[in-house]
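Report on the following structure.
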Amino acid sequence: MTRTPEEQWADCQRLASETGLPCRHIAYEDLNSELMALLPMEVLRNYRILPLDRHEDKITLAMADPLDVMAEDAVRFKTGCHVERVIAPPGEIEDALQGRLGPVDTLISNILHRIPESSELELLHEPEEEEEKQEDITPSAPIIQLVNSLISDAIRMRASDIHVEPLEEKLRVRYRIDGYLRTVVSLPKRIQGSTISRLKLISGIDISESRKPQDGRTRVRLEGREVDLRVSALPTHYGEKIVLRILDPEKVVVDLDALGLTPEDFSRLQSVLGAGQGMVLATGPTGSGKTSTLYGALRYLNVEADNLVTVEDPIEYRLEGVNQVQMNPRAGLTFATALRSILRQDPDTVMVGEIRDLETAEIAVQAAQTGHLVLSTLHTNDAVSTVTRLILMGIPPYMVASSLLAVVAQRLVRRLCQACRWERPVTPAAARLLSLAGQPVPRSDYVANGCPACDFVGYKGRIGLFELILVSDRIREILLSDPREILISQAAREEGTRSLLEDGLSKVSQGLTSLSEVLRAITVRSPGGRSCPQCHRPVPTQLGVCVFCGADLQLHCPMCHQDVEADWLVCPHCRSPRPGPPDNRRRIMLLSQDEPLVEQVGGVVQSQDWQLLVSSDPREALALIWSQKPDVILADLALTSLDLPELGRTLGSSLGMASTRLVFLSDRAERHDPLADTYLSKPVDSAQLLARIKP
């Protein structure tokens, strides 16, 4: 049963009298975002702790349970500071972590404090409403200030979208930054109606209608630049959800050489764009950067001697010197009808926002065959399938062969922060996946802990992964004779085409992104692949675990390595029994080459039915730490090759090991390393050892 705030405060006072520690309430003014960013949110929530203040090497920590030694050790290891404990009600700590602390005006201040007082958001298209309609819906001044702050804050944080989502007990606001949604604030449920009404009002959406989806748009001016906002309202169970797409012209990469193409692919694409006649397609899922690639091509082609015309839905960014047409299906202006009219405008280059149907595809192909350069997009997984997709849509192979010049398949991955990235070994699971897919395993991977330069995320900005296929004479012969994807792919690779995965691995080797980002963006396929029953991502059947979620697939026999059915009990090939469930016992890792110490620790671990992992080489142990994620690491400081900073970075970079305890074993009485706040003197007393490694 949930205890009331009064009962929780009484519990705090009782604990204070028993422990001699101070107790206090948590107010909004006590929150320190920089200190909270030093610890993963998972650690703060699991231990119910909140860092309040830091002075030199001491940190003040509000704790719901002041006797939680593991929480204190975790904070010491992550921050390198001594901990001064204070007792606080668990409900107030939870409210602080969830962003529910303080009244509405205080929540507004939480956003406004990052915005300079010298600049204000200006609405350029404030809709005019009749007075009788505004009588009951006019937002209060704090709500207007809140909405303006959300929009300006998102623009400054380089967000592409703002999600205002009604939930059962709160109104959640999230920003999409570099492709990932991040919760920035949770507002009280009681201001949901006023906030939604204000957003609909400024975007010209009918406030009286809340039962059907609606679209609107507005424009704002911030710090001297104008930014367009596309607004969408969607009825949900707990109210209308509002999504604002931010179209900031200063954020878009429009230079072709800044997209992330390799010098070889950039030179090949330049040669295609200089042809003057034919069709170039960009392909990939929604949000993969296709529009930025086409805009980069248009800017490269934009010279006074040529006439460039586009038809888009919608026009996301305005390009100087380019004639851009907004599609309007209600008025009968579709891609197909607009394209017919554009061809009568004497264009040199035509960009079609998307080929969605056979009619648009036919007109685009005909335009490419009659002296025009046509740029467009298509939704396919890779470059090869784009060629066959046109044929399946109904375009004859001979027309595809005579009109198509090149296909660019692409994905977007987050760019590593160069200020805090560091090198680590490739995880065993990822290495197995790449090996089974026939790809070389990189010598190392890069990860980032997070720093002020990247807002403690570890990534800042995005970079493209590309696969460029030029339609050569050999590929045209294949299209005319036997247009199968495997033949086209084989010919393209022999002519220098690199796959998306190969381009991603190259960028991993350069330290531009991480291997986990590449594997997230690209589906790695191999013969006989199937989907993981837990996370439903395609993985090769030869793998025993899913590299994405860690689920035990057991789709091959560990003895004879033959593929078997997922529900097998005895291997039909060698009659070996199926392995039992994975060992979920508590894992204790010992880094030492002292045999008596290994024997002693083994006895203590065995008495508790735990699992012992032993390694005498810390370098080799890093891969074991990543794969096994031990609960406790016992590090013998007598091991001369022990690299404490690297070990600390390894533990600090993984949220899954945020609660891993690190105990140092030393034959010295004093602490001679700043990381060694938790240690045991050698020879180790078994009772003390057990007390330190118990959960």
- Task: Only counting residues at least two apart or in another chain, list the ones meeting side-chain contact (heavy atoms from CB on, under 4.5 Å) with S232.
- Result: D215
- Spacing of CD1 belonging to I363 relative to CG belonging to L358, to within rounding of 0.5 Å: 9.5 Å
- Message: Checking D346 against N307: is there a side-chain donor and acceptor pair closer than 3.5 Å?
- Response: no
- Just jot down the side-chain contact (heavy atoms from CB on, under 4.5 Å) partners of E494, sequence neighbours excluded, or say none. R474, Q490
- Query: In Å and rounded to the nearest 0.5 Å, what is the CD to CZ distance from E320 to R299?
  - Reply: 10.5 Å
- List in chain and number order the residues that pass side chain to side chain donor-acceptor pair (under 3.5 Å) with D473, two or more places apart in sequence or in another chain; answer none if no residue qualifies. R476
- Note: R493-E502 ion pair, threshold 4.0 Å (strictly below): yes
- Item | Test item: side-chain donor near acceptor, S341 and Q345, under 3.5 Å | no
- Query: What closest approach, in Å, do L256 and L261 show between heavy atoms, and which atom pair accounts for it?
  - Reply: O-CD1, 4.3 Å
- Item | Residues that E477 engages under side-chain contact (heavy atoms from CB on, under 4.5 Å), provided they are two or more places apart | none
- By side-chain contact (heavy atoms from CB on, under 4.5 Å), which residues pair with D178, not counting sequence neighbours? R158, R414, R462
- Which pair of non-hydrogen atoms, one from V311 and one from A338, has the smallest distance, and what is that distance? CG2-CB, 3.6 Å
- Message: Rounded to the nearest 0.5 Å, what separates atom CD in E362 from atom CE in M399?
- Response: 7.5 Å
- Query: Is any side-chain heavy atom of T286 less than 4.5 Å from a side-chain heavy atom of H379?
  - Reply: yes
- Of all the heavy-atom pairs spanning A159 and Y175, show the shortest one and how long it is. CB-CB, 3.9 Å
- Query: Can you tell if the side chain of T377 reaches within under 4.5 Å of the side chain of T291, non-hydrogen atoms only?
  - Reply: no
- Query: Can you tell me if OH on Y398 sees more than 12 non-hydrogen neighbours from other groups inside 6.0 Å?
  - Reply: no
- Give, for atom OH of Y300 and atom OG1 of T349, the distance between the pair rounded to the nearest 0.5 Å. 11.5 Å
- Message: Using a 6.0 Å cut-off, check whether atom CG of L392 has over 12 heavy atoms from anything other than its own residue.
- Response: yes
- Message: To the nearest 0.5 Å, what is the distance between CG on L479 and CG on L487?
- Response: 10.5 Å
- Only one of L269, L373, L470, L281 passes side chain to side chain contact (heavy atoms under 4.5 Å, CB included) with L405, and that residue is L373
- Item | From S271 atom OG to F266 atom CZ, the distance as rounded to the nearest 0.5 Å | 10.5 Å
- Residues passing the salt bridge (Lys or Arg N to Asp or Glu O under 4.0 Å) test with E359, sequence neighbours excluded, are R340
- Query: If you look at every heavy atom in L319 and L298, which pair is closest and at what distance?
  - Reply: CD1-CD1, 4.0 Å
- D357 and T360: side-chain donor and acceptor closer than 3.5 Å? yes
